[in-house]
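See below for the structure under consideration.
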Amino acid sequence: MASSLSGMFPGQQPPGAHPVPGPSGPGQPGFPPGTTARPQGTNTLVDELEASFEACFASLVSQDYVNGTDQEEIRTGVDQCIQKFLDVARQTECFFLQKRLQLSVQKPEQVVKEDVSELRNELQRKEMLVQKHLSKLHHWQQVLEDVSVQHRKPSDLPPPGPLAFLEQASASLPPAPLKPN
(Lines give C-alpha, C1' and ligand atoms only; values in the text may rest on other atoms or scores of the structure.)
Protein backbone atom coordinates (compact mmCIF):
# COMPACT_ATOMS: atom_id res chain seq x y z
CA MET A 1 0.00 0.00 0.00
CA ALA A 2 2.85 2.38 0.82
CA SER A 3 4.24 1.99 -2.69
CA SER A 4 0.82 2.73 -4.16
CA LEU A 5 0.87 6.17 -2.54
CA SER A 6 4.09 7.17 -4.27
CA GLY A 7 4.18 10.79 -5.29
CA MET A 8 1.62 12.00 -2.82
CA PHE A 9 3.72 12.39 0.27
CA PRO A 10 7.15 13.84 1.15
CA GLY A 11 10.13 12.26 -0.55
CA GLN A 12 8.04 10.61 -3.25
CA GLN A 13 7.37 11.74 -6.77
CA PRO A 14 4.20 10.78 -8.66
CA PRO A 15 4.76 8.97 -11.93
CA GLY A 16 4.87 11.43 -14.81
CA ALA A 17 4.84 14.50 -12.56
CA HIS A 18 7.31 17.28 -13.12
CA PRO A 19 9.02 18.86 -10.14
CA VAL A 20 8.08 22.44 -9.40
CA PRO A 21 10.90 24.66 -8.21
CA GLY A 22 10.71 25.10 -4.47
CA PRO A 23 11.47 28.14 -2.35
CA SER A 24 14.98 29.47 -2.72
CA GLY A 25 15.66 29.75 1.01
CA PRO A 26 17.25 26.98 3.07
CA GLY A 27 14.63 24.80 4.73
CA GLN A 28 10.92 25.31 4.74
CA PRO A 29 8.57 27.26 6.96
CA GLY A 30 7.81 25.46 10.20
CA PHE A 31 11.20 23.75 10.33
CA PRO A 32 14.24 25.01 12.24
CA PRO A 33 16.84 26.74 10.06
CA GLY A 34 19.37 24.40 8.58
CA THR A 35 16.95 21.48 8.26
CA THR A 36 14.84 20.57 5.29
CA ALA A 37 11.70 18.50 5.18
CA ARG A 38 12.70 16.99 1.82
CA PRO A 39 15.30 17.53 -0.82
CA GLN A 40 14.94 20.79 -2.74
CA GLY A 41 13.17 20.51 -6.09
CA THR A 42 11.20 17.39 -5.08
CA ASN A 43 7.62 18.56 -4.69
CA THR A 44 4.61 16.32 -4.39
CA LEU A 45 1.09 17.00 -5.56
CA VAL A 46 0.19 18.12 -2.06
CA ASP A 47 3.08 20.61 -2.10
CA GLU A 48 2.04 21.87 -5.51
CA LEU A 49 -1.58 22.22 -4.41
CA GLU A 50 -0.54 24.11 -1.29
CA ALA A 51 1.81 26.38 -3.25
CA SER A 52 -0.80 27.16 -5.89
CA PHE A 53 -3.38 27.88 -3.19
CA GLU A 54 -0.97 30.27 -1.46
CA ALA A 55 -0.20 31.88 -4.83
CA CYS A 56 -3.92 32.54 -5.34
CA PHE A 57 -4.10 34.45 -2.08
CA ALA A 58 -0.78 36.16 -2.65
CA SER A 59 -1.97 37.44 -6.01
CA LEU A 60 -5.12 38.86 -4.42
CA VAL A 61 -3.38 40.68 -1.57
CA SER A 62 -0.14 41.61 -3.31
CA GLN A 63 0.83 45.29 -3.13
CA ASP A 64 1.60 45.19 -6.85
CA TYR A 65 -2.03 44.44 -7.53
CA VAL A 66 -3.34 46.88 -4.94
CA ASN A 67 -1.25 49.74 -6.33
CA GLY A 68 -1.52 48.61 -9.95
CA THR A 69 -3.54 50.61 -12.41
CA ASP A 70 -3.83 48.08 -15.20
CA GLN A 71 -6.95 46.11 -14.27
CA GLU A 72 -6.54 43.74 -17.21
CA GLU A 73 -3.05 42.74 -16.05
CA ILE A 74 -4.34 42.15 -12.53
CA ARG A 75 -7.25 40.06 -13.82
CA THR A 76 -4.94 38.00 -16.05
CA GLY A 77 -2.52 37.30 -13.17
CA VAL A 78 -5.29 36.25 -10.81
CA ASP A 79 -6.90 34.08 -13.50
CA GLN A 80 -3.58 32.33 -14.15
CA CYS A 81 -3.10 31.60 -10.45
CA ILE A 82 -6.62 30.24 -10.12
CA GLN A 83 -6.23 28.13 -13.25
CA LYS A 84 -2.97 26.65 -11.91
CA PHE A 85 -4.70 25.82 -8.63
CA LEU A 86 -7.60 24.15 -10.45
CA ASP A 87 -5.19 22.13 -12.62
CA VAL A 88 -3.27 20.86 -9.61
CA ALA A 89 -6.54 20.12 -7.79
CA ARG A 90 -7.67 18.02 -10.77
CA GLN A 91 -4.35 16.15 -10.74
CA THR A 92 -4.75 15.49 -7.01
CA GLU A 93 -8.31 14.27 -7.51
CA CYS A 94 -7.12 12.01 -10.34
CA PHE A 95 -4.41 10.60 -8.09
CA PHE A 96 -6.92 9.66 -5.40
CA LEU A 97 -9.32 8.21 -7.94
CA GLN A 98 -6.53 6.03 -9.31
CA LYS A 99 -5.69 4.84 -5.79
CA ARG A 100 -9.37 4.13 -5.17
CA LEU A 101 -9.50 2.07 -8.35
CA GLN A 102 -6.38 0.12 -7.34
CA LEU A 103 -7.90 -0.54 -3.92
CA SER A 104 -11.14 -1.77 -5.45
CA VAL A 105 -9.21 -4.21 -7.63
CA GLN A 106 -6.83 -5.41 -4.92
CA LYS A 107 -9.28 -5.48 -1.99
CA PRO A 108 -12.88 -5.52 -3.20
CA GLU A 109 -14.13 -6.55 0.24
CA GLN A 110 -12.81 -3.26 1.66
CA VAL A 111 -14.86 -1.30 -0.86
CA VAL A 112 -17.95 -3.34 0.03
CA LYS A 113 -17.35 -2.67 3.75
CA GLU A 114 -17.08 1.06 3.07
CA ASP A 115 -20.26 0.98 0.97
CA VAL A 116 -22.15 -0.87 3.71
CA SER A 117 -20.90 1.63 6.28
CA GLU A 118 -21.99 4.56 4.10
CA LEU A 119 -25.41 2.98 3.58
CA ARG A 120 -25.84 2.44 7.32
CA ASN A 121 -24.92 6.05 8.00
CA GLU A 122 -27.35 7.20 5.31
CA LEU A 123 -30.10 5.02 6.74
CA GLN A 124 -29.47 6.35 10.24
CA ARG A 125 -29.52 9.94 8.97
CA LYS A 126 -32.81 9.34 7.13
CA GLU A 127 -34.32 7.60 10.16
CA MET A 128 -33.49 10.64 12.28
CA LEU A 129 -35.05 12.87 9.64
CA VAL A 130 -38.23 10.76 9.64
CA GLN A 131 -38.38 10.97 13.45
CA LYS A 132 -37.96 14.73 13.29
CA HIS A 133 -40.81 15.03 10.76
CA LEU A 134 -43.01 12.70 12.82
CA SER A 135 -42.50 14.82 15.93
CA LYS A 136 -43.44 17.93 13.94
CA LEU A 137 -46.47 16.11 12.54
CA HIS A 138 -47.62 15.11 16.03
CA HIS A 139 -47.11 18.69 17.23
CA TRP A 140 -49.23 20.15 14.44
CA GLN A 141 -51.90 17.47 14.86
CA GLN A 142 -52.13 18.47 18.52
CA VAL A 143 -52.38 22.14 17.57
CA LEU A 144 -55.12 21.33 15.07
CA GLU A 145 -56.99 19.27 17.64
CA ASP A 146 -56.72 22.09 20.21
CA VAL A 147 -58.09 24.59 17.71
CA SER A 148 -61.00 22.34 16.75
CA VAL A 149 -61.85 21.78 20.46
CA GLN A 150 -61.91 25.57 21.02
CA HIS A 151 -64.36 25.98 18.15
CA ARG A 152 -66.65 23.30 19.60
CA LYS A 153 -66.98 24.96 23.03
CA PRO A 154 -69.23 27.86 21.90
CA SER A 155 -71.52 25.42 20.22
CA ASP A 156 -72.53 23.72 23.45
CA LEU A 157 -76.05 24.93 22.62
CA PRO A 158 -78.58 22.40 21.41
CA PRO A 159 -78.23 21.38 17.81
CA PRO A 160 -79.73 23.97 15.50
CA GLY A 161 -83.26 23.35 14.32
CA PRO A 162 -85.23 25.24 11.70
CA LEU A 163 -85.90 28.12 14.09
CA ALA A 164 -82.46 28.16 15.77
CA PHE A 165 -81.38 31.37 14.04
CA LEU A 166 -84.52 33.19 15.21
CA GLU A 167 -84.10 31.88 18.75
CA GLN A 168 -80.49 33.14 18.87
CA ALA A 169 -81.44 36.50 17.40
CA SER A 170 -84.33 36.98 19.81
CA ALA A 171 -82.17 36.02 22.77
CA SER A 172 -79.83 38.91 22.03
CA LEU A 173 -82.69 41.47 21.91
CA PRO A 174 -83.61 43.40 25.03
CA PRO A 175 -86.87 42.34 26.63
CA ALA A 176 -89.94 44.06 25.25
CA PRO A 177 -91.73 46.50 27.59
CA LEU A 178 -94.93 45.17 29.05
CA LYS A 179 -98.17 46.86 28.06
CA PRO A 180 -100.35 47.97 30.94
CA ASN A 181 -103.84 46.48 30.97
Side-chain angles (χ1 to χ4, degrees), residues 1-140:
M1 182 75 181
S3 64
S4 66
L5 295 176
S6 64
M8 199 62 205
F9 300 101
Q12 299 174 336
Q13 185 66 25
H18 303 288
V20 175
S24 59
Q28 292 186 343
F31 293 99
T35 63
T36 58
R38 65 187 63 86
Q40 290 294 322
T42 325
N43 285 340
T44 64
L45 280 175
V46 172
D47 294 333
E48 289 181 43
L49 186 65
E50 183 180 3
S52 62
F53 185 72
E54 289 172 357
C56 285
F57 277 108
S59 67
L60 293 172
V61 297
S62 171
Q63 280 302 106
D64 296 337
Y65 289 129
V66 173
N67 297 333
T69 55
D70 186 8
Q71 293 296 319
E72 189 60 33
E73 181 181 330
I74 294 170
R75 186 181 316 274
T76 303
V78 170
D79 285 346
Q80 287 175 349
C81 288
I82 291 172
Q83 189 59 44
K84 168 95 171 118
F85 174 74
L86 291 174
D87 289 342
V88 175
R90 283 187 200 104
Q91 290 175 5
T92 305
E93 180 183 24
C94 183
F95 173 83
F96 281 110
L97 288 173
Q98 288 173 348
K99 296 308 167 190
R100 179 77 176 167
L101 179 63
Q102 287 177 354
L103 180 65
S104 69
V105 169
Q106 294 172 356
K107 296 184 178 182
E109 69 278 356
Q110 181 66 29
V111 174
V112 171
K113 284 180 185 178
E114 290 175 7
D115 289 344
V116 167
S117 176
E118 288 175 15
L119 288 172
R120 282 185 181 148
N121 289 339
E122 181 74 12
L123 186 62
Q124 184 180 17
R125 185 185 66 79
K126 287 185 179 182
E127 189 66 36
M128 289 172 47
L129 189 62
V130 166
Q131 292 301 322
K132 176 183 166 187
H133 285 296
L134 280 176
S135 69
K136 284 184 179 182
L137 177 68
H138 291 304
H139 168 75
W140 287 110

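The salt bridge (Lys or Arg N to Asp or Glu O under 4.0 Å) check on Glu122 picks up Arg125, Lys126, with sequence neighbours excluded. Glu54 is linked by a side chain to side chain contact (heavy atoms under 4.5 Å, CB included) to Glu50, counting only residues two or more places apart in sequence or in another chain. Scanning for side chain to side chain contact (heavy atoms under 4.5 Å, CB included) contacts around Gln80 gives Thr76, with sequence neighbours left out. With sequence neighbours excluded, the residues satisfying salt bridge (Lys or Arg N to Asp or Glu O under 4.0 Å) with Asp87 are Arg90. Residues passing the side chain to side chain contact (heavy atoms under 4.5 Å, CB included) test with Leu137, sequence neighbours excluded: Leu134, Gln141. For Phe53, the side chain to side chain contact (heavy atoms under 4.5 Å, CB included) test picks out Phe57, Phe85, with sequence neighbours left out.
Residues Gln91 and Leu45 approach most closely at OE1-CD2, 3.3 Å, considering heavy atoms.
The closest side-chain heavy-atom distance from Val78 to Cys81 is not below 4.5 Å.
In this structure, CD on Glu127 lies 15.0 Å from CZ on Arg120, to the nearest 0.5 angstrom. In this structure, SG on Cys56 lies 7.5 Å from CG on Leu86, to the nearest 0.5 angstrom. The OG atom of Ser52 sits 11.0 Å away from the CD atom of Gln83 when rounded to the nearest 0.5 Å. Atom NZ in Lys84 sits 15.5 Å away from atom CG in Asp79 (nearest 0.5 Å). Taking CZ from Phe95 and OG1 from Thr44, the interatomic distance works out to 9.0 Å, rounded to the nearest 0.5 Å.
Residue pairs meeting the salt bridge (Lys or Arg N to Asp or Glu O under 4.0 Å) criterion with at least one member in residues 103-115, sequence neighbours excluded: Arg100-Glu114.
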